[in-house]
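Data block below; observations after.
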Protein chains: 2
Amino acid sequence: MNLDYTKLDGLVPAVVQDASSGRVLLVGFMNDEAFRKTRESGFVTFYSRSRNKLWMKGESSGHRLVVKEIFTDCDVDTVLVKAESQGPGVCHEGYESCFFRRLDGENWVVSEARTYDPKAIYGSTK
Amino acid sequence: MNLDYTKLDGLVPAVVQDASSGRVLLVGFMNDEAFRKTRESGFVTFYSRSRNKLWMKGESSGHRLVVKEIFTDCDVDTVLVKAESQGPGVCHEGYESCFFRRLDGENWVVSEARTYDPKAIYGSTK
């Protein structure tokens with residue numbers, strides 16, 4: 001069950017995909033402790049590089065991600081978590097997915113509507 | 001159209017998702033040149049950390065990935081590429097997706113059959 005954390009200074013990228021729709025919701029990083037916590041708690045838990053600590057997604061918003069299945073890749077250096085969101089969106093900017101900007105020619109354009117008001121949850125949009 | 005490459009020493013993680021099925025096929029890394037090459041050529045191109053050079057996925061196998069749409073996330077530090085595979089599988093071990101191992105209790109178990117014989121394409125399984 002060991003993952004290869006050596007390529008990224010103790011981390012592996014973790015892709016979270018909606019278990020029902022297949023939509024890619026966000027990508028974070030896990031260290032070994034975050035990966036164990038994800039398994040043990042059943043909620044997706046990342047390692048925050050900026051805050052330098054474990055970060056259970058949704059711990060402040062309540063929009064947690066319930067783990068359904070976990071996969072790893074051929075090199076065992078990335079994980080894919082199929083999860084169910086407990087909220088209307090995972091993105092702190094108010095969208096269902098963090099990948100709400102699509103490349104259109106030379107520009108990133110917002111390609112969908114917000115699913116909730118981030119100010120009501122986080123107090124500000126950023 | 002700029003991405004934030006500062007968090008990962010000049011790279012961003014790039015998730016490739018099958019444009020039709022929504023399956024996550026693989027995760028690689030792109031530097032700015034790989035990202036430009038991906039856009040200009042229309043084929044998914046990574047930066048190989050082990051070989052230290054650009055790597056168009058499928059350049060040796062012929063199993064290239066045709067770009068359909070490109071998204072970025074709220075922090076502009078990750079890309080999601082929806083693509084169409086030109087081969088029976090993207091994984092050099094013979095599977096449709098590199099994420100062919102599922103966590104079952106304490107063990108990673110192969111959760112699907114190979115879609116092609118990697119020896120016929122690459123000469124060996126690794």
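Quantities reported herein were computed from a predicted structural model and do not represent experimental measurements.
B:Phe29 and A:Val79 fall into different hydrophobic clusters, where Ile, Leu, Val, Met, Phe, Trp and Tyr residues are linked whenever their side-chain heavy atoms come under 4.5 Å apart, directly or through other members. Criterion: ILVMFWY side-chain heavy atoms under 4.5 Å apart, direct or through other members. Under it, A:Val16 and A:Val27 are not part of a common hydrophobic cluster. Hydrophobic clustering places B:Trp55 together with B:Val67 (ILVMFWY residues linked when any side-chain heavy atoms are closer than 4.5 Å, directly or through intermediates). Hydrophobic clustering of Ile, Leu, Val, Met, Phe, Trp and Tyr side chains at less than 4.5 Å, counting indirect connections, keeps B:Leu26 apart from B:Leu80. When hydrophobic clusters are built by joining Ile, Leu, Val, Met, Phe, Trp and Tyr residues whose side-chain heavy atoms come closer than 4.5 Å, directly or via intermediates, A:Tyr5 is grouped together with B:Leu103.
B:Thr78 has its side chain within reach of A:Phe99: a pair of non-hydrogen atoms, C-beta onward, lies under 4.5 Å apart. Side-chain atoms of A:His92 and B:Asp75, non-hydrogen and from C-beta on, do get closer than 4.5 Å to each other. Between B:Asn2 and A:Trp108, every side-chain heavy-atom pair lies at or beyond the 4.5 Å cut-off. Taking the side chain as every heavy atom from C-beta outward, A:Glu106 and B:Arg39 approach each other to under 4.5 Å.
Of the possible donor and acceptor atoms, one in the side chain of A:Arg101 sits under 3.5 Å from a partner among the backbone N and O of B:Asp73. Here the side chain of A:Gln17 pairs a donor or acceptor atom with the backbone of B:Gly22 at under 3.5 angstrom.
For a residue to count as touching a neighbouring chain, one of its non-hydrogen atoms must lie under 4.5 Å from one of that chain's; by this rule A:Val24 touches chain B with backbone and side chain alike. Looking at A:Ser111, the atoms closer than 4.5 Å to chain B (heavy atoms on both sides) all sit in the side chain, from C-beta outward.
Looking only at heavy-atom pairs under 4.5 Å with chain A, the residue among B:Ile70, B:Val15, B:Asp77 that has the most is B:Ile70.
Annotation: residues 43-51 of chain A contacts chain B through A:Arg49 [non-hydrogen atoms, separation under 4.5 Å].
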